[in-house]
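Encoded as structure tokens, the structure appears first; notes follow it.
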Amino acid sequence: MRLFLLPLLLLATATARAEPASAKTLLPLFELAGIHLLCEQSAPLLQRGQGDAEQKRLAQLFAGEAFCLDLAERVGSRFDVTQAEQAHERLDSPLAQRFTAAERAVGEQPDGLAEYRERLQAQPPRGARHDLVKRLDAAARTTELASLLRYEVGKTQALLALRARGESLSEAELQAQTQKQAEAIRQSSGQAVETFMFYAYRQMPSDQLAEYAALYEHPSVSQLLTVSLEVLPQLFAERREQLRKTASQP
């Protein structure tokens with residue numbers, strides 16, 4: 001009887017671990033990982049230069065909380081409760097909190113960042129410290145997230161410009177017409193992210209920087225970022241399709 005029960009118990013345990021993470025569980029993780037910022041910034045970026053009616057429409061389509069909720073519900077289907085617990089343990093750790101505080105402090109010293117950027121242009125960093133920053137950027141997918149937001153916003157703005165002239169492009173056509181911009185966006189985003197990291201973490205010891213990179217390299221955190229990056233373009237594409245459907249409306 002015990003031998004018969006063992007596989008059943010193991011199956012029950014595996015099933016429990018595979019329970020999808022709820023949106024309520026994932027939303028705090030989005031905050032900790034910086035994903036929520038993409039949701040919040042989408043509408044304001046798109047509304048620039050638009051008329052009142054268009055701004056209102058964009059505010060409804062790209063409302064930050066609803067956008068993130070939609071993202072969380074879809075990510076949850078590919079991210080389980082155990083992964084969420086592991087990711088939260090790392091993203092809300094004392095180490096992560098110290099780095100987050102350093103990042104927020106940059107916003108209070110914008111002039112310092114501008115001066116630091118000029119210094120880096122004159123004397124580009126090299127060596128182990130540079131390798132650590134590149135490793136962290138790759139692990140945290142910071143350049144990828146920043147590039148994705150800029151690219152998807154740019155595609156949507158292109159559609160809005162066409163729409164204002166009574167024209168339109170399918171999603172495939174829009175992708176083909178804007179694809180060349182993607183690499184340029186990635187390069188400029190990468191440079192900006194690198195400068196930001198060097199400045200924000202300039203007082204952080206290298207061993208802590210390595211530990212912070214390892215935090216993002218953990219499978220749970222990596223999976224959270226990977227799935228989010230795959231789902232975000234789908235959300236933008238669906239909202240662009242709604243814009244196409246309302247093209248004839250005032």
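Closest approach of Leu145 to Leu38, counting heavy atoms only: O-CD2, 3.6 Å. Here the closest heavy-atom approach between residue Cys39 and residue Leu71 is recorded as SG-CD2, 4.4 Å. Smallest separation of non-hydrogen atoms from Leu160 and Leu46: CD1-O, 4.3 Å. Minimum interatomic distance between Gln83 and Ser220 (heavy atoms only, all atoms of both residues): O-CB, 3.4 Å.
Ring geometry for Tyr212 versus Phe99: interplanar angle under 30°, hence parallel rather than tilted (30 to 60°).
Annotation: side chain of Pro20 is not in contact with side chain of Phe79 (no heavy-atom distance under 4.5 Å). Looking at Glu31 and Leu26, their side chains never come closer than 4.5 Å, going by heavy atoms from C-beta outward.
Checked against side chain to side chain contact (heavy atoms under 4.5 Å, CB included), Thr226 has the following partners two or more places apart in sequence or in another chain: Arg141, Ser222, Glu230. Partners of Asp92 under the side chain to side chain contact (heavy atoms under 4.5 Å, CB included) rule, at least two apart in sequence or in another chain, are Leu32, His88, Gln97. Under the side chain to side chain contact (heavy atoms under 4.5 Å, CB included) criterion, Lys134 pairs with His130, Glu194, not counting sequence neighbours. The side chain to side chain contact (heavy atoms under 4.5 Å, CB included) check on Thr195 picks up Leu113, Arg117, Leu120, with sequence neighbours excluded.
With respect to Glu183 and Arg186, no salt bridge is recorded, no charged nitrogen being found less than 4.0 Å from a carboxylate O. Salt-bridge formation is not detected for the pair Arg57/Asp52: no Lys NZ or Arg NE/NH1/NH2 atom is positioned less than 4.0 Å from an Asp or Glu carboxylate oxygen. A salt bridge between Arg135 and Asp131 is absent, with no side-chain N of the basic residue lying under 4.0 Å from a carboxylate O of the acidic one.
Judged by the 6.0 Å and 45° rule, Arg119 forms no cation-pi pair with Tyr116.
Within the structure, no pair that satisfies the salt bridge (charged side-chain N to carboxylate O under 4.0 Å, His left out) test touches residues 103-116, not counting sequence neighbours.
The local environment of CD in Gln123 is sparse, with at most 12 non-hydrogen atoms from other residues, nucleotides or ligands closer than 6.0 Å. Surrounding CG of Asp207 are more than 12 heavy atoms belonging to other residues, nucleotides or ligands, all under 6.0 Å away.
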Quiz item: Passes ring-ring contact (aromatic ring centres under 6.0 Å, His included), Phe236 versus Phe67? Steps please.
Solution: CA-CA 9 Å; Phe236 274 96; Phe67 195 91; 5.3 Å; yes
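Not a single donor-acceptor pair under 3.5 Å links the side chain of Arg239 to the backbone N or O of Phe62.
If you chain together ILVMFWY residues whose side-chain heavy atoms come under 4.5 Å of each other, Ile185 ends up grouped with Tyr151.
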